[in-house]
Amino acid sequence: MADTTKKPTLSFEVFPPNSEVGVEKLTNTLNQLKDLRPEFISVTCSNHKADYEKTTIDLAKYVHNELKLPTMVHMPAAYVNKEQVSRILDQLDELDIHQVLALRGDIIDGFVPEKDFKYASDLTRFIKQQKPNFEVSGACYPEVHPESANRIADIKHLKEKVDAGCDQLITQLFYDNEQFYRFQEECAIADINVPILAGIMPIINRKQALHVLENCSAHLPKKFLAILDKYKDNPVALKDAGIAYAIDQIVDLATNDVDGVHIYTMNSASTAKHIYDNTSAFFQFDTIK
């Protein structure tokens, strides 16, 4: 049963930029996110980029050292080997960064996966063996991983990931809270008892909306589809409506005792701040931050 005396946590995801302009924008974003006192900031990566260790680790170093914020580093299993992971873990240890999000990662055409870690659970187990003091998070899909045969198989694989040492789960984006609550119940039945953070991605522009429609396997409620249809030619209204929808989701999740909310910021400080200003009363914050 959920602890109704404890408020959920709030955290943010950012990604390494591809240009100098992007670096300047992200630096400004991070400086603003710091004031929102997040539980942590996760730094994502492209799982087939040769410069992963530089782009992702350098950004994580900035968040941790300059902003003094708890930092989580994404690590995709598909395109790393044991030697690389050991080296990266040592780097993170030296930086005093001890949170990792272990992912399988997408299989990219033209890039041959490594063989050491077939699944995220394999990577999770290896990290825990190498660095028992590290906190390892895992990804999960409230509406079933696209490659899973069915819901039962998906929950079974998730249980294996948690048993391998996963300390908490962060969901893929979703727009129907009922799907999330069903997923919580299935996890409880399967004895998956680690915290589950709800991943929320506010829709703020038409390009992003089209990407969600084309690539997201999540169920899109009528209310959500109506917003995309009504404001498709009005970018200001679409952004406002998208943020309002995300706020409604978060309020509902907090009311139903979610463990935490993880916002996919798309490197937008204004979006994160707008959500924070309208939902901060629902979250717990470390006063030291």
Side-chain angles (χ1 to χ4, degrees), residues 9 11-17 26 30 33 38-108 111-140 145 157-172 192 194-197 199 260 262 264 286 289:
T9 60
S11 54
F12 302 112
E13 178 185 286
V14 297
F15 58 86
L26 179 56
L30 287 169
L33 292 182
E39 183 73 9
F40 64 87
I41 287 183
S42 72
V43 180
T44 186
C45 63
S46 173
N47 66 358
H48 62 284
K49 287 178 67 173
D51 59 350
Y52 160 73
E53 291 182 52
K54 179 172 178 59
T55 56
T56 300
I57 303 302
D58 279 0
L59 178 52
K61 181 179 178 180
Y62 176 82
V63 173
H64 181 78
N65 289 348
E66 300 300 323
L67 302 181
K68 309 299 183 185
L69 291 173
T71 310
M72 178 185 293
V73 173
H74 291 217
M75 187 180 294
Y79 293 99
V80 292
N81 56 42
K82 291 181 178 180
E83 181 181 349
Q84 288 174 299
V85 172
S86 294
R87 183 175 66 249
I88 293 168
L89 292 176
D90 285 341
Q91 283 183 267
L92 295 176
D93 211 358
E94 290 178 6
L95 294 170
D96 200 30
I97 296 173
H98 298 134
Q99 295 188 70
V100 174
L101 176 59
L103 308 158
R104 198 283 307 265
D106 295 330
I107 304 302
I108 309 298
F111 291 85
V112 180
E114 296 282 351
K115 297 180 180 180
D116 286 347
F117 307 109
K118 185 175 181 180
Y119 301 111
S121 56
D122 300 325
L123 177 59
T124 297
R125 188 175 296 106
F126 182 79
I127 294 172
K128 282 294 189 178
Q129 291 170 347
Q130 296 292 306
K131 303 287 184 182
N133 61 315
F134 273 43
E135 294 181 13
V136 182
S137 296
C140 59
H145 190 286
H157 292 147
L158 188 61
K159 173 65 173 172
E160 292 172 357
K161 187 187 300 185
V162 171
D163 289 345
C166 185
D167 297 295
Q168 73 175 1
L169 298 169
I170 303 175
T171 78
Q172 173 63 284
I192 296 173
V194 298
I196 303 175
L197 310 188
H262 188 61
Y264 300 109
D286 187 341
K289 294 171 188 171

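Numbering of residues begins at 1 and proceeds along the displayed sequence.
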Show your working on side chain to side chain contact (heavy atoms under 4.5 Å, CB included) between D167 and K128 and close with a plain yes or no. CA-CA 10 Å; D167 297 295; K128 282 294 189 178; 2.9 Å; yes
How close do [X] and [Y] get, counting heavy atoms only, and between which atoms?
X: A120; Y: K161; result: CB-CE, 4.0 Å
X: T124; Y: G165; result: CG2-C, 3.7 Å
X: L89; Y: Q130; result: CD1-CB, 3.9 Å
X: V80; Y: Q84; result: CA-OE1, 3.2 Å
X: L33; Y: P38; result: O-CD, 3.3 Å
X: C166; Y: V194; result: O-CG1, 3.5 Å

For this output row, return yes or no: ring centroids of H262 and Y264 closer than 6.0 angstrom.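 Centroid separation for H262 and Y264: below 6.0 Å.
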What distance do S137 atom OG and M75 atom CE have between them, rounded to the nearest 0.5 Å?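 Taking OG in S137 and CE in M75, the distance rounds to 12.5 Å.
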Regarding R104 and D122, does a basic nitrogen lie under 4.0 Å from an acidic carboxylate oxygen?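 A salt bridge is absent here (no side-chain N lies under 4.0 Å from a carboxylate O).
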Cationic N near anionic O, under 4.0 Å, D58 to K61: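 Salt bridge: no.
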If you define the side chain from C-beta out and look only at heavy atoms, does anything of L30 sit under 4.5 Å from V14?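 In short, these two side chains touch, coming nearer than 4.5 Å.
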The criterion is salt bridge (Lys or Arg N to Asp or Glu O under 4.0 Å); which residues satisfy it with D116, sequence neighbours excluded?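 Not a single residue meets the salt bridge (Lys or Arg N to Asp or Glu O under 4.0 Å) criterion with D116.
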Looking at K68 and N65, would you say the former's side chain and the latter's main chain have a donor-acceptor pair under 3.5 Å?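 Flag set: sc K68 to bb N65 pair under 3.5 Å.
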Please check if the side chain of H74 supplies one atom and the backbone of S42 the other of a donor-acceptor pair under 3.5 Å.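 The answer is no, because no donor-acceptor pair under 3.5 Å joins these two groups.
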Side chain to side chain contact (heavy atoms under 4.5 Å, CB included) between F134 and L92: does it pass, once the steps are laid out? CA-CA 10 Å; F134 273 43; L92 295 176; 4.2 Å; yes
Apply side chain to side chain contact (heavy atoms under 4.5 Å, CB included) to T171 and list each qualifying residue two or more places apart in sequence or on a separate chain.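 With neighbours one apart ignored, the set is C140, P142, F174, F180, I196.
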